[in-house]
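Here's the structure we're looking at; comments come further down.
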Amino acid sequence: MQFLNFKSSRSLYLLNLNKLIASPYSSQTHSHKPLTQKTFFRLNTEEGLLNRLCKDGRYKDAIDILCQQKRFKEAIQVLSQLDKPSASIYSTLIQSSIQNRVLEVGKKVHEHIKLSGFVPGLVISNRLLEMYAKCDSLSNAQKLFDEMIERDLCSWNVLISGYAKMGFLEEARKMFDKMPERDNFSWTAMISGYVRHDKPNEALELCRMMKRCDNSKSNKFTISSALAAAAAVPCLRIGKEIHCHIMRTGLDSDEVVWSALSDMYGKCGSIEEARHIFDKMVNRDVVTWTAMIDKYFEGGKREEGFDLFADLLRSGIRPNEFTFAGVLNACADLSEEEVGKQVHGHMIRIGFDPFSFAGSALVHMYSKCGNMVNAERVFRGMPRPDLVSWTSLIAGYAQNGHPNEALHYFELLLKSGTQPDHITFVGVLSACTHAGLVDEGLQYFHSINKEHGLNHTADHYACIIDLLARSGRFEEAENIINKMTIKPDKFLWASLLGGCRIHRNLKLAERAAEALFEIEPENPATYVTMANIYATAGMWSEVAKIRKTMDDRGVVKKPGLSWIEIKRKAHVFIVGDTSHPRSKEIHQFLGKLSKRMKEEGFVPDTNFVLHDVEEEQKEVNLSYHSEKLAVAFGIISTPQGTPIKVFKNLRTCVDCHTAIKFISKIASRKIIVRDSNRFHCFEDGNCSCGDFW
DNA sequence: TTAGGGTTAG
């Protein structure tokens with residue numbers, strides 16, 4: 001037997017080693033006498049201890065330590081030295097492969113088992129099955145399952161659970177249907193698989209089936225999954241039925257059940273009931289807190305969400321990556337960069353797993369707040385960025401008007417060996433649209449299935465039609481639409497309609513609008529855009545017809561609202577608003593600004609004013625758009641140099657966009673406008689969106 | 001030896 005030479009490495013596991021040295025078990029090799037300090041330090045180096053363990057034949061201990069330290073290569077080396085390893089050595093190695101999701105290690109152990117002639121019992125076989133299933137190697141799992149002479153319920157459950165978790169729901173269901181008998185594990189695996197992969201109705205159907213034929217099998221696990229199913233539909237009635245069942249059966253003592261219950265009420269729109277349950281819970285854990293915080297954000301209750309997050313920090317329970325991701329996402333949605341930065345600081349102070357998705361949530365937050373410098377800094381600091389992090393950065397650059405950086409990072413992603421998915425391509429295609437790179441966009445579009453083997457999604461089609469339509473290449477756009485294998489969706493038609501508006505393509509606009517009227521007759525945006533197109537063409541009778549159709553169908557144009565927060569108070573403006581207490585000052589200031597803007601060369605774009613009125617009146621209509629009022633109020637109510645942040649519920653209009661560019665230069669202010677579509681950061685006469693939105 | 005609640009990118 002050749003002894004391995006373990007190289008010294010930084011010990012993170014000193015405590016475990018000490019425990020081993022001090023344990024009674026180690027007295028086989030060391031005397032009972034207390035260790036001298038010199039001996040202690042000699043033994044307390046990994047290579048010393050590991051070599052010694054191997055020399056003494058204590059391979060199991062050596063493998064334990066190596067697995068704990070994730071030194072799998074060396075653990076396998078030790079295994080390969082052994083002719084007849086014990087079942088517990090195999091068990092340790094398989095367990096470690098499962099925990100660390102290292103398929104290669106598991107495969108080597110399996111090979112060793114086969115070559116050594118060791119006949120694994122049901123327990124080891126099931127563990128191997130679990131290893132393959134959890135390491136995304138379902139074909140191997142199925143092969144092993146087929147080869148197994150003896151199987152028990154656990155063997156079936158492990159494989160079903162593997163298929164269900166990975167989204168192979170049909171395979172899972174086939175096995176579930178033909179298995180000889182079912183237990184709690186089988187039902188839970190199948191129901192949660194459906195929930196996880198967006199098949200909530202199938203999950204609920206299975207819950208009903210369980211209730212019908214196997215009601216005795218329901219326990220806290222199946223009930224939590226059933227609640228998740230009701231939450232995902234969402235179906236409050238069934239959720240309440242499950243709630244009653246929980247109260248009847250005394251399952252209400254379990255924290256997870258409570259959490260799932262609160263989540264169900266939240267997702268079914270009863271946020272107060274969710275909070276009621278949350279408040280009644282005795283032992284709230286981090287999951288419960290996170291779920292409740294997220295519910296507030298999802299329900300648009302920003303203040304309550306941040307307040308509860310603050311309560312969580314005060315409670316002494318440590319937030320985890322899910323909590324951070326949720327709060328950061330809210331910051332991203334609300335463009336709350338300052339709060340996001342505080343959360344980031346907190347994460348650094350208490351430490352967070354750099355391999356977790358909290359990192360990508362940070363990249364996303366900074367991207368959505370327009371701070372690409374920080375987004376890139378966080379990204380570069382990630383030890384192993386995953387696809388979501390790459391995609392966040394690429395999409396961030398595309399959205400913020402830096403298409404070249406977006407495409408540069410996409411090329412880096414390909415070089416890194418990460419396989420892009422359909423969402424990554426949405427970012428790539430939108431970057432091409434920003435840059436007007438039509439031919440490159442078409443190349444990327446075709447590469448999606450030719451080079452990457454992915455199917456085109458409705459989003460990809462919408463992006464490419466957007467790109468072609470904006471460039472006025474309508475014939476190619478129509479060719480693509482006519483050859484589509486999936487039904488064009490509303491986003492595609494809306495993109496086409498937008499392109500038609502720019503290039504005044506009345507005929508195609510009518511086709512797009514017709515499709516949109518069919519898909520979503522209730523959306524006022526289509527009517528308004530069509531009316532604008534007719535207005536631009538001077539076809540006032542058609543404009544009137546559109547208005548009448550809107551009236552007949554009861555479609556109401558959503559009023560444009562802009563708001564700005566000053567000293568924690570929101571000030572809301574509508575077009576031509578004179579209701580604000582400082583309205584006079586605002587209008588006076590806008591008048592002055594308007595004069596300065598014209599001196600600087602600003603020409604109002606009156607194309608999109610609906611009413612059939614004189615040009616001068618159109619200008620007046622434009623100058624009181626809600627976003628301009630909010631910006632003006634922001635400037636007069638904050639000290640010189642303070643950035644202004646305005647929100648708008650609709651897309652900002654072309655005229656306002658140009659005007660705010662001028663205002664940012666004249667007033668020397670950074671002005672951030674977050675409209676319904678995207679984020680604009682105006683500075684020194686330019687906008688971060690590169691005039692694309 | 002197998003199962004449950006909160007999960008980041010468009």
Side-chain angles (χ1 to χ4, degrees), chain A residues 91 94-95 98 121-131 133-134 152-162 164-165 183-193 195-196 217-229 231 251 254-264 266-267 285-295 298 319-329 332 356-365 367-368 385-396 398-399 420-430 457-460 462-463 491 678:
Chain A
S91 216
I94 300 168
Q95 180 67 25
I98 296 171
L122 200 49
V123 172
I124 295 236
S125 294
N126 282 346
R127 295 302 270 163
L128 277 170
L129 206 54
E130 188 192 348
M131 183 275 296
K134 287 193 175 160
D152 62 3
L153 245 174
C154 176
S155 328
W156 286 86
N157 288 338
V158 166
L159 194 54
I160 288 174
S161 173
K165 275 201 179 122
D183 64 2
N184 302 321
F185 290 87
S186 338
W187 287 103
T188 311
M190 203 61 236
I191 295 171
S192 63
V195 175
R196 198 183 289 228
K217 296 277 162 46
S218 77
N219 66 357
K220 60 183 184 178
F221 293 97
T222 55
I223 282 299
S224 327
S225 309
L227 282 168
L251 285 169
D254 183 78
E255 291 315 307
V256 176
V257 170
W258 272 94
S259 241
L261 199 54
S262 166
D263 188 55
M264 181 277 294
K267 286 198 176 133
D285 66 6
V286 64
V287 178
T288 325
W289 280 93
T290 306
M292 193 63 231
I293 293 168
D294 288 347
K295 288 292 149 314
E298 281 158 22
N320 65 12
E321 61 265 40
F322 288 91
T323 328
F324 292 133
V327 179
L328 288 172
N329 213 24
S356 75
F357 49 75
S360 32
L362 274 172
V363 175
H364 173 61
M365 183 275 292
S367 296
K368 271 283 167 80
D386 65 1
L387 182 60
V388 177
S389 327
W390 281 101
T391 306
S392 301
L393 192 72
I394 291 167
Q399 284 165 357
D421 73 356
H422 66 282
I423 303 175
T424 322
F425 278 107
V426 174
V428 171
L429 293 175
S430 79
T457 64
D459 290 334
H460 298 153
C463 283
F491 299 108
R678 54 161 306 143

Report task. Specify the closest pair of heavy atoms between A:Ile160 and A:Met190, including all atoms of both residues, with the distance to one decimal. Result -> CG2-SD, 4.2 Å
Query - Distance-only polar pair, side chains of A:Thr222 and A:Thr188, donor-acceptor under 3.5 Å - result: no
Query raised in the report: First and last nucleotide of DNA chain B in contact with chain A, 5' to 3', at under 4.0 Å to a heavy atom: what are they?
Result: B:dT1 to B:dG10
Query raised in the report: Looking for any heavy atom pair under 4.0 Å, which part of the strands does A:Ala395 touch: base, sugar-phosphate only, or nothing?
Result: sugar-phosphate
Requested in this report: Classify the nucleic acid contact of A:Asn184 as base, sugar-phosphate or nothing, counting any heavy atom under 4.0 Å across all strands shown.
Outcome: base
Report task. List for me each residue that meets salt bridge (charged side-chain N to carboxylate O under 4.0 Å, His left out) alongside A:Asp254, sequence neighbours excluded, and say none if there are none. Result -> A:Lys220
Report task. For A:Val257, answer base if it contacts any base atom (sugar-phosphate contacts may also be present), sugar-phosphate if it contacts only those atoms, and nothing otherwise; contact means non-hydrogen atoms under 4.0 Å. Result -> base
Query raised in the report: Just by modelled atom types, is the A:Ser186 backbone N or O under 3.5 Å from a matching donor or acceptor in the A:Asp183 side chain?
Result: yes
Query raised in the report: What pairs with A:Asp294 under salt bridge (charged side-chain N to carboxylate O under 4.0 Å, His left out), at least two apart in sequence or on another chain?
Result: none
Query raised in the report: How is A:Ser392 classified with respect to the nucleic acid when contacts are heavy atoms under 4.0 Å: base, sugar-phosphate, or nothing?
Result: sugar-phosphate
Query raised in the report: Within the structure shown, what part of the strands sits under 4.0 Å from A:Val256 by heavy-atom distance: base, sugar-phosphate, or nothing?
Result: base
Requested in this report: Say whether A:Ser192 and A:Ser225, considering side chains only, have a donor N or O and an acceptor N or O under 3.5 Å apart.
Outcome: no
Query raised in the report: Looking for any heavy atom pair under 4.0 Å, which part of the strands does A:Thr288 touch: base, sugar-phosphate only, or nothing?
Result: base
